[in-house]
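Structure, as structure tokens:
For clarity, every value in this text was computed on a predicted model and none was experimentally measured. Throughout, protein chains are lettered first and strands after them, A, B, ... in sequence-line order, and every chain is numbered starting at 1.
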Amino acid sequence: MPISRREFLKGMGVVAGSTGIALSGSQRLIPYLIQPEEIVPGVSTWYATSCRECPAGCGMVVRNRESRAVKCEGNPIHPIAQGTLCSRGQAALQGLYNPDRIPSPKRRNPNGSYTDVSWDKAISSVADVLAAGKRIAIITDLQSGSLGTLMQAWLSAFGSDRFLMYEPVNYESAKRAFGGVIPSLNIAGSDCIVSFGCDFLETWVSPIEYAHAFTRMRRVVNGTRGRFIYVGPRISMTAAKADIRVIVPPGAEVAVASVLKGGSAGGVADKYGLDINTLTEAAGLVAGSRSLLALPGWTAASAQAALEMNTTGASALIDTTRPHAVSKLAAESDMRALIDDMNAGLVDVLIVIGANPVYGMPKSSGFDKALELVPNVISMTNYMDETSALAHWLLPSNTPLESWGDYEPYPDVRNLIQPTTGQPFNTRDTGDILMELADKAGVNRTAVFKAANYYEFLRARWNQPVGASDTAWEELLRRGGVWPGSSRGTPSLPSTGYNTLADFQYYDGPPSAPSPMPASEMEATGLGTARAVQAGTAISNKPSSKKLKNIIYPHTYLYDGRGANRSWLQENPEPVTKIVWHAWAEINPGTASELDVNTGDMIRISLGKESVELPVYVWRGVALGVIATPTGQGHSGYGQFADDTGDNILKLSGPGVRTVSVSKLGNSIWLPRIKGSHHQNDRDIVQTTPIDKPAHRAKPIIMPLPEGYTKRDFYPPHKYAVHRWAMVVDLNKCIGCHACVTACYAENNLATVGPTEIWRRREMSWVRIDRYFDWDHPAAPIVFQPMLCQHCDAAPCEPVCPVFAASHSDEGLNMQVYNRCVGTRYCSNNCPYKVRRFNWYDYKWPEPLNWQLNPDVTVRCRGVMEKCTFCIQRIREAEIVAKREGRKVRDGDITPACVGTCPTGVYVFGDLKDKNSRVSRLIADDPRAYQVLQNLNTKPAVIYLKQIIG
Amino acid sequence: MVETDTPKAMETVDDIVIDSLGKPSIGYIAAVGLFVFLVIVGIVAYIFQYYIGMGVTGLSIPIAWAVYITNFVFWIGIAHAGTLISAILFLFRTSWRNRINRAAETMTIFAIVTAGLFPLIHLGRVWVFWWLIPYPNWRHLWPNFKSPLIFDVIAVTTYLVVSTLFFYLGLLPDIATVRDRTDKGWRKSMYTFFALGWTGEYDQWRHFARSYLALAALVTPLVISVHSVVSWDFAMALLPGWHSTIFAPYFVAGAIHSGLAMVITLLVPLRKALRLERLLTPYYFEQIALLTVLTGSILAYSYMVEGFMAWYSGDIFERQFAAYRALHSPVYATLFWVVVVCNTFVPMTFLARGLRKNLTYVFIAAILINVGMWLERFVIITGSLSHDFLPSSWALYAPRIVEILVTLFSAGLFFGTVIVFVKLFPSIPMSEAKEELLPEEVEHV
């Protein structure tokens, strides 16, 4: 984008760094009476920054339109996310425009009410407290860049060193497996991964980075691929992708590890009720592996198991000299030491920045009680939360999308954070608040920080890698930071990422000349048919009483609870259970019958004096005698989207395993989830192909082109002059992470409807991830299938619409003309894929959440049908750009939102009229290609590639 | 054959019928009050839906059609018996139709009007409903003639127009008779207006007879076509349980079945309320009951063919769906067997002479058939939508309060308009009833 951003960025720096110009109120952001030069209405500006929604630190680019941030996507040149972004990262936008943000500084009165105060008054009052020379402590979320440095310098200026980086998910156990740090892991370089309950594709440390590596590792080369064994108490989304799942009760991991390393399987299998064949087979895979990597999960036993496994030759894959930032997180013991001090009256001022320990710490730690003993609690956060509610002063800080800053996920990967939008609220950068406070409290700001504001402080710290020149700095901002090889590659708009045709090639030759691996070789390398333990079959150590082992794991989207105030994340179905908007407890049907509970029945989980009440979700993916509970829900006072979502398991303990007592409560709730059948019912919708046999097409693809029509067809074919858009979906790559779903919500202004409406089956997602269980098929007991409008050529929705609202474009899209739709809903009835969504109401976006809306896409009114458009606005944009540049649209120019954000490159989008496009070649060459419900002769333009198993 | 307590004189026919237009009883007023109440409550419920959105219903994706479309099909079906009795049986010279055809036609007209509201009630954006109507406009925007919904619009409006004409034509001589026997007041003016100057001259009777025959011939194919078109709403879709070639005859037979049952349901109480016992003898009900044996048999055959074809097709979707609807689904399997019993077993009992001569029994059986026919459409519509191609979409449906109130509204509207009408206009075609009298009966006077 040939727009000079020099002046604009300077201006932004001044806005962010100075004191008087902060914008407030929803009216002032736009419109302009005199339009700034840099802003061209209708043209997007992209700002490179770093995602701060979890510790992973993915590079992110934020799309800014008319000075509003409207979409977060991955930074294509960044090494961690490589141009993709998960659901949580995309929901950063809902953090920025959250309706429950603290709009301006507030003081809490003794009676609990709040008084709005000006920044000047707030700063000077708090500075007075600080100047009194009190003992100060800071609790912050993970900081690995300049802000952390600033905080420590700031604290030492006040003569304190009580600096704690607290997050509930602190990887304390996992660190033990790697000698005290979370190292950099070369997952792509491994040929066999053993995960001991490590959900590295969804929550563990850096999921997007690992998902990329995992996809590379699992690429089929010469008839084989990297193997993946999952040993854990529950089939998580990550476990669903494994070749072999050994579902074990927590604590059995070490014993299983010994079997995998070659120990005797019999005793372990008997003791824990495991299937001996599965164990033997897994051990065979491990024995045949040359570069095995074992990963620890949330429990100490899993860390011990990983530690023991990794002795065999994983050291080349584990780089402890390049520790991940999460290694710096405070241990729970550090927090307990601080609590002791707070109880002892040794802390006078506690500054909480972005952390929420009242929610995240176990109730038994007494943090909330101790906090009440601290005379001055100052909260610098974005939203009111459980901890801020107990603070005396609320000094609202900017969200990362409005701030200057930096973040270093690894020592050599330094991400810059820059403001990507104006400020909707009267908030400030945390760094500036701290520096102002210091200044007012009598600390010489220039002497201590060597900067007048946080922006200068930040730039000074970045002089070392890039030099002090503005040009270098601007180049840095354009790229988003510094990392090994960061000078390579051109910063560009998000595109298809690393997803090239090579990533899809399964066989080199055409289907007629398959080259299967000889059976003998398969035997030798231990690549037989994979098998998993069927949880729920006879396990001998049945719980004698209602004492169960409670595995507490971070929620796929809400993580440690910070995502709970984002409606996109609440509405995203958890990949395996499909539960939305609520906390739950998973148990095995065997355990459920002992407790006499069913899905939706409430139970009480007690640990010590504390207990939580949760609805049960019964399924076979959990080990007997285990209760699995995700964190993240059950907030009190974290905003309208987080309330009434059940109970908070973190009250009992952080992630890990605890022995709890469980009792039935007698009442039950409608556990909000995406219902529908769990099983494919022999309908062959998600198709698989074994790795050791050549894939073949049972039936040729019925092309969504004139050539796909025969005498069978009643209506004549559509003629396409220039383009025929189509998509290829590789089921083998789909890990079920729902990043595409969130991307669609963000790009296409989809409404979130809440739990009741989801119970009524009125979710609005244009693309969904269907999940099917198949317990008779142990190699793939859980499969995922992205389901979106298939843009059929003989679309059943089109002829039935009485008013042509559902019509066919001359580029092959099934269009829905909202203005023409009268709402008969006949199109949905006749859609075999049920991908159409109806506006049952006029959906509302509470202020200022409506600011996130994409200006390129209509917001639909009640009474009309809507559906996937293949992001027609992006198609048009690419076509207009191509026309302006006097060329044809090239393959890869168009990236629908789901395609661009998919971390594993499931989707390829392109033109069937172009015989050399990736979609054309995949459909022509890949023997895995098939069409869902092909027998209906709808001629879908979304072609699926079968999942490879074994 | 005409039975013994048939009135023996033309004048008696006139007297009985015209007496029925007299001062309403308390019971009659109470019934009208109940129906008006249902209508008002239904309108309030609909206004609520209009302003809030279709979300107030129990509909969802996948089940985007349910009670409203069920009501549409049900009332359209009701409308079929009237035309069948008045036109088809007229062409076949079936003499027993002559005393009941007016009631049946009245039912037809108001059933079409009631049914016609439902496509509008179920629209997401009813404020642009006129886009469904083919009318010339400078944007050259026509409706999609491929869509069965447009077939519906055309078929239903045609049916309404033709059957209204037919109905009005048959009513003309009777309005004139009532006009002549009314002294003064607004009724006199009304009858004078609607009688269109009918004097009963020979030429008028000649024109009347010819046009009545012509309209009967015109409306007869409509009986077949309208419900065939309605059935194509389903048969032309892909869904298992909808996509079936038997649907047109199956729906037509079902429509006539429910219509005949509704004639009985209406006439049994009306006969008492309007003191028409001497004209509407059990003989007529017996004839209708026997006709439902025929239609019920066609339905039984259709149910069997549906099941057989699901199995014979070898198609997994059809087979699983048939098993789901008839056996596996607790909701739909129960309803399905209620439907089978009400629509096929109940009419078969009319084969027993003693039962079909018992008016109370016939009345109860007719109500059961009505219930069965409503449920049949409900099971067809929501059952298939509940269990379509992708198992991830499967869901269940339950109606919510607005849908229930609007359904009661339709009953209120239908019954209310019918009973108000029979108080205003002769509910027995006097001229035709008189034609039917045999020469020896006339001589007897």
Side-chain angles (χ1 to χ4, degrees), chain A residues 578 674-685 715 753 757 760-763 768 770-772 785 787 796 798-807 820-842 861-865 932-933 935-936 938, chain B residues 51-65 69 119 122-132 141-153 233-234 236-239 242-243 315-317 320 324 381 384-385 387-398 400:
Chain A
K578 301 253 128 194
I674 306 284
K675 290 174 290 178
S677 174
H678 296 309
H679 304 286
Q680 294 192 58
N681 295 272
D682 304 322
R683 295 186 170 197
D684 230 11
I685 290 156
Y715 292 118
V753 297
E757 288 294 297
R760 294 195 175 117
R761 290 309 300 262
R762 290 173 181 172
E763 67 275 11
R768 61 175 196 262
D770 283 346
R771 179 273 288 124
Y772 296 108
Q785 181 177 47
M787 185 49 67
E798 288 169 5
V800 300
C801 176
V803 292
F804 288 117
S807 53
R820 184 67 176 165
C821 179
V822 297
T824 68
R825 305 183 294 286
Y826 200 170
C827 51
S828 169
N829 286 350
N830 211 23
C831 174
Y833 309 95
K834 288 290 175 287
V835 290
R836 294 177 153 260
R837 298 288 176 249
F838 189 69
N839 283 270
W840 302 100
Y841 301 99
D842 274 324
C861 79
R862 97 180 108 97
V864 305
M865 194 62 78
V932 173
L933 303 177
N935 59 322
L936 297 177
T938 56
Chain B
Y51 282 102
I52 305 296
M54 293 305 291
V56 301
T57 64
L59 298 171
S60 65
I61 305 291
I63 305 159
W65 287 0
I69 300 295
H122 107 117
L123 273 195
R125 296 205 300 164
V126 68
W127 45 96
V128 290
F129 78 92
W130 39 277
W131 291 352
L132 294 163
L141 270 175
W142 290 89
N144 181 3
F145 289 106
K146 290 175 187 170
S147 171
L149 294 185
I150 294 300
F151 305 177
D152 268 358
V153 171
D233 284 350
F234 309 105
M236 290 179 75
L238 288 170
L239 288 175
W242 284 16
H243 187 65
D315 183 67
I316 190 167
F317 304 107
Q320 288 186 353
Y324 169 80
I381 293 168
S384 285
L385 291 170
H387 201 84
D388 73 332
F389 294 99
L390 295 188
S392 63
S393 314
W394 292 351
L396 280 176
Y397 164 84
R400 286 169 75 199

Choice from [options] maximising heavy atom contacts with chain A below 4.5 Å:
options                                : answer
B:Ile69, B:Asp388, B:Leu396, B:Ile316  : B:Asp388
B:Trp142, B:Phe317, B:Trp242           : B:Phe317
B:Phe145, B:Tyr397, B:Trp127, B:Phe151 : B:Trp127
B:Ala395, B:Ser393, B:Gly53            : B:Ser393

Using every non-hydrogen atom in the two residues, find where [X] and [Y] come nearest and quote the distance to one decimal.
X        : Y        : value
B:Leu59  : A:Arg825 : CD1-NH2, 3.3 Å
B:Leu390 : A:Met787 : CD1-CE, 3.6 Å
A:Cys801 : B:Ser147 : O-CB, 3.6 Å
B:Asn144 : A:Pro799 : ND2-O, 3.2 Å
A:Phe838 : B:Gly124 : CZ-CA, 3.9 Å

Against chain B, work out which of [options] has the most heavy-atom pairs shorter than 4.5 Å and name it.
options                                : answer
A:Arg820, A:Lys675, A:Arg836, A:His678 : A:Arg820
A:Arg862, A:Arg760, A:Arg683           : A:Arg683
A:Pro832, A:Cys861, A:Gly676           : A:Pro832
A:Asn830, A:Asn829, A:Val800, A:Leu933 : A:Asn829
A:Arg837, A:Lys834, A:Met865, A:Lys578 : A:Lys834
A:Val803, A:Thr824, A:Asp842           : A:Thr824

Quick check on [X] against chain B: is it the side chain, the backbone, both or neither that has a heavy atom closer than 4.5 Å?
X        : answer
A:Ser828 : side chain
A:Glu763 : neither
A:Asn935 : side chain

Point-to-point distance, once rounded to the nearest 0.5 Å, from CG of A:Asn681 to NE2 of B:His387: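 Going from CG on A:Asn681 over to NE2 on B:His387, the span is 6.5 Å.
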Between [X] (side chain only) and [Y] (backbone N and O only), is there a donor and an acceptor less than 3.5 Å apart?
X        : Y        : result
A:Arg762 : B:Gly55  : yes
A:Arg761 : B:Trp394 : yes
B:Arg125 : A:Cys821 : yes

B:Asp152, part contacting chain A, at a heavy-atom distance under 4.5 Å: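 Looking at B:Asp152, nothing touches chain A.
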Segment of B:Thr57 engaging chain A (4.5 angstrom heavy-atom cut-off):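 Contact with chain A: backbone and side chain both.
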Criterion side-chain contact (heavy atoms from CB on, under 4.5 Å) on B:Lys146 and A:Glu798, from CA distance to verdict: CA-CA 9 Å; B:Lys146 290 175 187 170; A:Glu798 288 169 5; over 6 Å; no
Contacts of type ring-ring contact (aromatic ring centres under 6.0 Å, His included), residue B:Trp131, not counting sequence neighbours: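 With sequence neighbours excluded, B:Trp131 shows a ring-ring contact (aromatic ring centres under 6.0 Å, His included) to no residue whatsoever.
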Check against side-chain contact (heavy atoms from CB on, under 4.5 Å), A:Trp840 and B:Ile61: CA-CA 10 Å; A:Trp840 302 100; B:Ile61 305 291; 4.3 Å; yes
Partner residues of A:Asp770 under the side-chain hydrogen bond (donor to acceptor under 3.5 Å, both in side chains) criterion, sequence neighbours left out: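 Residues passing side-chain hydrogen bond (donor to acceptor under 3.5 Å, both in side chains) with A:Asp770: A:Arg768, B:Ser392.
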